[in-house]
Participant: 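Below you'll find the structure I mean.
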Amino acid sequence: MSTIDMKPTLRVGARRRPDAAATDDGASLTVADHRSLHEHLLMTRVVEERGVRLYKQGKIPGSFYDGRGQEATSVGAAFALGPDDVISSPLIRDLGAHLVRGTDLTELFRHYMGRENALSHGREGNIHFGDRRLGIVGPVSMLPDMMVVAVGLAMGFRIRGERRIALSFFGDGSTSRGDWHEAMNVAGLRREPVVFVCENNQLAYSTPTDRQFRVRPADRAAGYGVAAEVVDGNDVVAVFDAVGRARERALDGGGPTLIEAETMRMHGHGAHDDARYVDPELRAAWAARDPLDAHATIARAHGIDVEALRAEVEERVAVAVQAAAATPLPDPASATEGVFCVGEPAGLGRGAAPFSGFAATAQGTRTAAGPTATADPLTAQTRQAA
Amino acid sequence: MSTIDMKPTLRVGARRRPDAAATDDGASLTVADHRSLHEHLLMTRVVEERGVRLYKQGKIPGSFYDGRGQEATSVGAAFALGPDDVISSPLIRDLGAHLVRGTDLTELFRHYMGRENALSHGREGNIHFGDRRLGIVGPVSMLPDMMVVAVGLAMGFRIRGERRIALSFFGDGSTSRGDWHEAMNVAGLRREPVVFVCENNQLAYSTPTDRQFRVRPADRAAGYGVAAEVVDGNDVVAVFDAVGRARERALDGGGPTLIEAETMRMHGHGAHDDARYVDPELRAAWAARDPLDAHATIARAHGIDVEALRAEVEERVAVAVQAAAATPLPDPASATEGVFCVGEPAGLGRGAAPFSGFAATAQGTRTAAGPTATADPLTAQTRQAA
Amino acid sequence: MATLTYLQAISDGLREEMRADDRVLVLGEDVGAFGGAFKVTDGLQAEFGEDRVQDTPIAEAAIIGTSVGAALAGLRPVCEMQFSDFVACGFDQLVNVAGKMHYRTGLAVPMVVRLPTGGGFAGGPFHSQNPEAWFMHAPGLKIVAPSTPEDAKGLLIAAIRDPNPVCFLEHKHLYRRAKGEVPDGGYETPFTARTVREGDALSIVAYGAMVSAALDAADRLWDEDRVLVEVLDLRSLVPLDEDAILATVTRTNRVLIVDEANATCAAGAQVAALIADRAFGDLDAPVRRLAAPDVPIPFSPSLEAAVLPDPDRIVEVARELLAY
Amino acid sequence: MATLTYLQAISDGLREEMRADDRVLVLGEDVGAFGGAFKVTDGLQAEFGEDRVQDTPIAEAAIIGTSVGAALAGLRPVCEMQFSDFVACGFDQLVNVAGKMHYRTGLAVPMVVRLPTGGGFAGGPFHSQNPEAWFMHAPGLKIVAPSTPEDAKGLLIAAIRDPNPVCFLEHKHLYRRAKGEVPDGGYETPFTARTVREGDALSIVAYGAMVSAALDAADRLWDEDRVLVEVLDLRSLVPLDEDAILATVTRTNRVLIVDEANATCAAGAQVAALIADRAFGDLDAPVRRLAAPDVPIPFSPSLEAAVLPDPDRIVEVARELLAY
Ligand SMILES: Cc1ncc(C[n+]2csc(CCOP(=O)(O)OP(=O)(O)O)c2C)c(N)n1
Ligand SMILES: Cc1ncc(C[n+]2csc(CCOP(=O)(O)OP(=O)(O)O)c2C)c(N)n1
Ligand SMILES: [Mg+2]
Ligand SMILES: [Mg+2]
């Protein structure tokens with residue numbers, strides 16, 4: 001087994017492409033925004049750390065995937081979205097996006113642990129979920145199918161003249177699949193208001209990027225008439241800025257953007273994988289660029305008590321885990337319910353949009369722009385015996 | 001119905017890309033080569049004209065597709081191949097490739113007419129066939145699936161250290177499908193010895209290229225690390241040269257090339273389609289660039305009696321049609337035979353390689369380099385009741 | 001009431017529903033100005049514009065997947081596969097994304113995939129397939145298969161209004177051959193079976209193009225043998241009208257199931273398995289099936305005729321069953 | 001003879017055949033230095049090099065399609081889907097290119113697609129599927145599904161040597177649980193059914209992971225009811241050993257068919273239809289089936305257990321049948 005061949009290319013210090021629009025370098029972020037960003041970064045990490053532990057203790061069935069080291073990408077990207085925007089979908093490294101949109105911690109742990117819960121009712125596990133009430137479409141495993149769905153959502157928004165975008169996350173590995181091409185081509189062709197966030201974390205499971213493609217994803221975007229930008233995926237502000245710019249472009253009729261966020265998967269592919277195939281030097285180099293540490297410096301400079309925030313977050317997570325553990329498993333009789341929708345479809349709701357720039361909209365009435373959100377993604381009326 | 005929107009972009013006088021290798025402008029072609037090229041161009045046209053008529057007379061069942069106006073691409077490309085190279089596959093505009101490889105005219109008309117025949121035994125019709133004995137893999141309808149198969153063939157050749165390439169034809173329309181992307185990516189990644197010939201004939205059925213993609217296929221090749229060249233698809237010598245260069249590159253370990261041959265579909269999508277959606281001006285412009293007329297000038301300059309050649313070809317076609325019409329339909333009992341292969345698989349044979357540069361090889365013993373060719377693609381021993 | 005072909009009835013249903021509901025949109029290859037390979041969408045782009053009648057690139061995964069997205073955005077996409085054979089290229093989006101969405105996330109996916117199916121015109125292995133059984137074996141997809149113009153229109157409208165993904169199988173052989181009275185305006189045909197003809201000696205269960213073959217056979221069995229055959233048109237494969245199937249067997253005690261699709265694991269296998277389990281006590285004879293053998297559908301007319309079920313073969317098997 | 005797990009037996013068979021025949025090569029995601037998601041190909045790249053054990057990008061259509069090409073070039077590719085669920089992404093290449101090639105062109109496509117299937121470990125809707133029925137309904141593909149280590153090795157070797165495309169279903173639940181004696185060297189297990197246990201009162205027909213569930217149920221029926229149940233392991237779904245199926249029904253006159261897959265149009269439906277047609281006269285009771293209901297396989301252990309067939313439910317249905 002030749003480990004030398006498995007060595008992913010070290011790409012530290014990625015910079016935006018020269019042709020990218022000028023950034024505001026986070027200038028629009030307030031202290032409250034930085035506090036919120038940091039809180040979500042911490043929450044992502046703490047939840048996942050707890051998740052890995054629960055998995056190893058046998059309290060989470062099946063498998064467990066985390067996004068250690070990549071928190072800045074999903075947090076920063078989701079932070080740049082308005083409440084009516086839709087994510088289709090956060091993938092296995094993107095817990096942060098769920099949290100920014102307002103996913104309930106107790107429901108989340110219930111979901112992970114296979115208990116009755118409002119997110120998935122136990123039909124799905126690990127990171128396969130999405131709270132439709134918050135404008136999230138849960139992912140399927142097949143990569144990157146949900147990118148195509150995001151293009152269709154964006155098409156719907158455009159046709160209806162709604163000012164909203166769809167955003168899709170995917171990894172470097174996803175770019176080799178045919179659906180990636182079909183999504184890029186159709187989105188570029190029709191200038192759909194969609195933002196693609198490619199998390200280039202150097203690896204697809206054990207396979208380094210140089211065994212996946214010869215040309216990096218961002219450089220392939222031009223072939224579709226799609227704008228592109230490379231961004232430091234470990235810099236939450238940079239990701240926020242880039243997605244913000246791409247969102248504006250989409251809303252202005254400028255079509256899709258592919259943002260390639262350079263980052264590194266710091267854990268194994270899943271909790272079962274020790275990732276011994278990763279070069280220790282590479283891992284060390286990226287460890288020095290931890291996204292939480294990087295943003296902690298900024299947060300502290302803004303007078304935020306990072307340690308107190310972490311304690312607070314840990315407390316909330318602990319409470320959620322306790323509540324989840326006390327929740328029963330789903331009723332076996334419900335296993336055959338809800339294959340088909342009966343009656344009026346329950347649609348996508350509006351997500352939390354904590355960025356201060358959205359504060360006004362976010363306070364707006366929940367039914368104003370988006371489809372009505374109901375309390376439960378699988379209300380009794382939408383269930384049916386299979 | 002807005003016809004204005006359906007107007008394909010007029011692209012007359014395409015030139016090779018500046019980065020393409022220097023051409024020998026057909027310098028290596030002898031008089032005999034030009035005679036052969038012209039004979040195959042004529043044969044392609046005459047067979048198809050006859051085919052359309054037979055279809056309209058109800059003598060060819062199902063449907064009929066021709067490549068009127070595109071003969072130079074498939075003839076020129078196939079002419080540049082050595083006997084051990086494999087085509088996977090000629091598509092609906094590529095009858096010329098079958099003819100250059102040596103497909104028997106009588107068998108061809110038997111096939112078209114649904115009679116018992118050695119090419120398809122009546123299981124396939126119209127342009128869906130391939131004589132495996134001549135190193136042709138018959139196409140499937142799903143576009144462009146056979147491009148992926150070509151990459152696999154090339155991989156096989158590379159792994160075995162055989163000096164042969166695989167060539168795949170496809171239209172502009174095929175480039176929107178996911179399989180196109182997967183084939184391009186894998187071929188570029190591993191530098192497989194494969195040549196992709198994209199026939200950009202301005203249309204996919206009724207859909208002009210500007211409704212298919214924003215960036216022309218040749219310009220997308222770089223995104224895969226694949227070499228590319230744009231060529232005048234109506235210039236048989238230019239196509240021959242370009243494919244010859246690409247073949248050399250592939251054999252030298254330089255990997256795949258995408259050749260975008262600019263041409264125009266001069267008939268409807270199939271014999272059932274009057275193509276009234278095509279702008280008459282565009283059609284007229286391309287009619288003035290008829291590939292047979294263009295090469296006739298060169299042929300005459302080489303002292304070839306083009307009219308005599310046409311008469312000869314017409315006579316051969318007439319004889320073939322007559323023989324085919326006298327052939328019975330396949331035995332109904334054979335309908336369920338041959339779903340599975342029983343016994344030793346019959347493989348791909350060697351094709352005719354009429355280019356004088358291949359004359360030495362082409363005379364070589366048929367079993368020397370390629371797999372053994374047997375007389376019948378579906379020998380009794382490979383048949384089995386389903 | 002107008003007399004329409006099956007094809008006209010589909011167009012009519014689509015147009016009605018597009019007029020009635022501006023959420024309905026059409027996507028597919030060449031469906032716009034050209035009106036589709038079979039002209040089902042002829043004139044729709046002129047009436048409804050390019051956003052609601054969209055030509056797509058050749059990209060079946062994108063056609064189906066963007067339809068899922070549009071459905072989630074609140075629209076009601078009706079997408080067309082140029083031939084049902086090409087649905088294989090969008091299989092994953094249909095089965096894994098559309099089909100499983102509601103069960104997994106509670107999000108409904110109201111969309112229709114129109115699938116021109118079937119053989120009988122020398123279309124060969126890639127233009128003659130009947131893919132319904134694949135989708136019957138994929139939870140979360142509804143599947144309907146009309147046999148008459150009236151049902152074609154009513155089932156299409158019901159499919160568009162259904163909050164779930166529906167595969168709409170339209171048989172190419174019926175497009176211009178099947179003609180009949182079709183009610184005006186918008187009406188829904190329920191996803192249930194229909195007794196096309198009553199009888200007492202034997203039941204033939206069929207759907208799509210095989211219904212008229214069954215009726216022809218039933219005519220001959222009456223004319224030549226004075227036997228009354230009951231013909232049940234399933235119309236919907238998912239949901240499957242199990243009650244109607246069991247009821248006809250209870251009435252006649254003998255059953256022949258006809259599929260045009262390849263035999264193994266076909267819709268007919270499911271119907272036979274249902275009967276063998278739940279109507280066992282009512283059976284006076286084996287549950288017999290007629291279907292295409294497990295071969296790609298060959299092109300040549302002599303071969304194609306040898307594999308597709310037809311009235312002659314139905315009569316032959318029916319007589320065997322009656323003599324059992 | 002060594003005692004191996006089912007997983008080790010597959011690895012062993014692959015290694016044997018790669019040593020014996022240098023045309024055999026392996027392709028798939030992470031199958032190289034990493035040894036595959038389940039470690040089936042562990043060590044193979046070190047032994048056979050990077051050309052014969054290739055890591056591919058995430059591109060199932062390319063994995064299957066390039067395997068077809070390599071097979072046409074004279075190699076014998078064995079490709080791996082990381083989970084069988086992902087075969088949906090390469091469905092078209094498998095069904096339309098590989099499956100129909102020989103019938104249409106006379107070219108053989110000797111290749112194997114390894115499909116880690118099945119549930120029982122909280123894998124959820126996309127890591128638990130059993131896709132075999134889709135491929136049974138696609139002419140030109142052979143399908144095998146071993147239930148023991150010995151058969152796993154022998155069927156894999158036979159699949160590699162077969163001149164046709166073969167879907168090799170390896171059940172993930174058996175990987176480390178099923179253990180047994182496995183002969184050394186290269187041997188072929190025929191594509192026929194095997195009577196695992198003889199009986200006279202009732203036949204249970206199963207394959208893959210359901211064979212051991214059937215055996216557990218048979219044990220209990222003997223221990224508790226003193227009833228001898230015959231268990232038939234199909235091993236091959238295409239070709240289907242119809243003679244063996246009919247023979248067991250002739251012996252016991254009662255039959256229960258168990259699938260782990262979703263019920264509608266499953267392999268079991270085909271077996272039931274066969275019996276209802278050709279063994280009708282031998283039946284003393286309805287042809288009963290047990291299968292997963294038509295739902296995506298849910299993640300939570302309480303829900304997954306509610307949908308997957310298990311020995312308890314087999315015993316329950318068997319008792320009903322015995323009492324009929
Ligand atoms: C179509 C498809 N094939 C295979 C898999 C199995 N699989 C799950 S994650 C993964 C690696 C994904 O790599 P990448 O897209 O880079 O995302 P990352 O895990 O690095 O975040 C693979 C192969 C899948 N999910 N989908
Ligand atoms: C996957 C797929 N979808 C749809 C079709 C139906 N179809 C046959 S030919 C054609 C147009 C092909 O256009 P292009 O690739 O440009 O080739 P051309 O006909 O222009 O030579 C279409 C849509 C197909 N063959 N394959
Ligand atoms: Mg990655
Ligand atoms: Mg074209």
Side-chain angles (χ1 to χ4, degrees), chain A residues 1-3 5-6 60-63 111 113-117 120-126 128-129 139-145 171-180 204-209 211-213 269-270 272-273 276-277 328-339 385-386, chain D residues 28-38 42-47 49-50 54-63 65 82-83 85-90 92-93 119 121-129 262-264 292-308:
Chain A
M1 202 194 282
S2 69
T3 44
D5 280 320
M6 308 298 299
I60 286 181
S63 52
H111 160 84
M113 295 165 83
R115 310 305 170 101
E116 178 52 39
N117 71 84
S120 66
H121 294 277
R123 283 104 187 258
E124 273 289 12
N126 60 62
H128 287 120
F129 71 96
V140 301
S141 285
M142 288 70 195
L143 298 169
D145 288 12
D172 46 284
S174 293
T175 67
S176 302
R177 272 249 11 259
D179 284 35
W180 186 82
Y205 209 150
S206 75
T207 309
T209 51
R211 301 214 164 181
Q212 299 176 45
F213 41 73
H269 174 65
H272 59 278
D273 173 22
R276 82 178 76 167
Y277 46 83
L329 292 171
D331 177 1
S334 71
T336 52
E337 292 169 2
V339 174
Chain D
E29 295 152 13
D30 308 294
V31 298
F34 188 64
F38 297 100
D42 205 16
L44 295 184
Q45 191 176 67
E47 180 170 351
E50 298 200 4
Q54 300 188 13
D55 280 324
T56 65
I58 303 176
E60 283 73 11
I63 294 170
Q82 198 157 79
F83 284 78
D85 307 68
F86 301 122
V87 76
C89 303
D92 170 49
Q93 285 282 349
F121 57 98
F126 301 112
H127 291 77
S128 307
Q129 295 178 71
N262 294 123
T264 294
D294 291 330
V295 304
I297 305 306
F299 161 79
S300 177
S302 68
L303 301 179
E304 187 177 26
V307 304
L308 297 185

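Values below: every heavy atom of this structure, side chains too, minus hydrogens, waters and symmetry copies. The sequence lines fix the lettering, A, B, ..., with proteins before strands; numbering per chain opens at 1. These numbers come from a predicted model, not from an experiment.
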Participant: Just so I understand: if I count every heavy-atom pair under 4.5 Å between each of His272(A), Met113(A), Glu124(A) and chain D, which residue has the most?
Facilitator: Glu124(A)

Participant: Report the C-alpha distance between Thr264(D) and Asp294(D) in whole Å, list the side-chain angles of each, state the deciding distance to 0.1 Å, and finish with yes or no for side chain to side chain donor-acceptor pair (under 3.5 Å).
Facilitator: CA-CA 7 Å; Thr264(D) 294; Asp294(D) 291 330; 2.5 Å; yes

Participant: Checking Ala37(D) against chain A: side chain, backbone, both or neither under 4.5 Å from a heavy atom?
Facilitator: both

Participant: Between Ser141(A), Gly62(A), Ala204(A), Gly114(A), which residue shows the highest count of heavy-atom pairs closer than 4.5 Å to chain D?
Facilitator: Ser141(A)

Participant: Measure across Val295(D) and Ala335(A) and return the closest heavy-atom pair with its distance rounded to 0.1 Å.
Facilitator: CG1-O, 4.0 Å

Participant: For Tyr205(A) and His269(A), take the angle between the two ring planes, folded into 0 to 90°, and tell me which bin it lands in: parallel under 30, tilted 30 to 60, perpendicular over 60.
Facilitator: parallel

Participant: Is it the backbone or the side chain of Asp179(A) that comes under 4.5 Å from a heavy atom of chain D, or both, or neither?
Facilitator: neither

Participant: Where does Glu47(D) contact chain A at under 4.5 Å (heavy atoms): side chain, backbone, both or neither?
Facilitator: neither

Participant: Are Glu60(D) and Gln93(D) side-chain neighbours, meaning at least one heavy-atom pair lies under 4.5 Å?
Facilitator: no

Participant: Contact between Ser176(A) and Gln212(A) at the side-chain level, heavy atoms closer than 4.5 Å - yes or no?
Facilitator: yes

Participant: Can you say whether His128(A) sits under 4.5 Å from chain D via the side chain, the backbone, both, or neither, judging by heavy atoms?
Facilitator: side chain

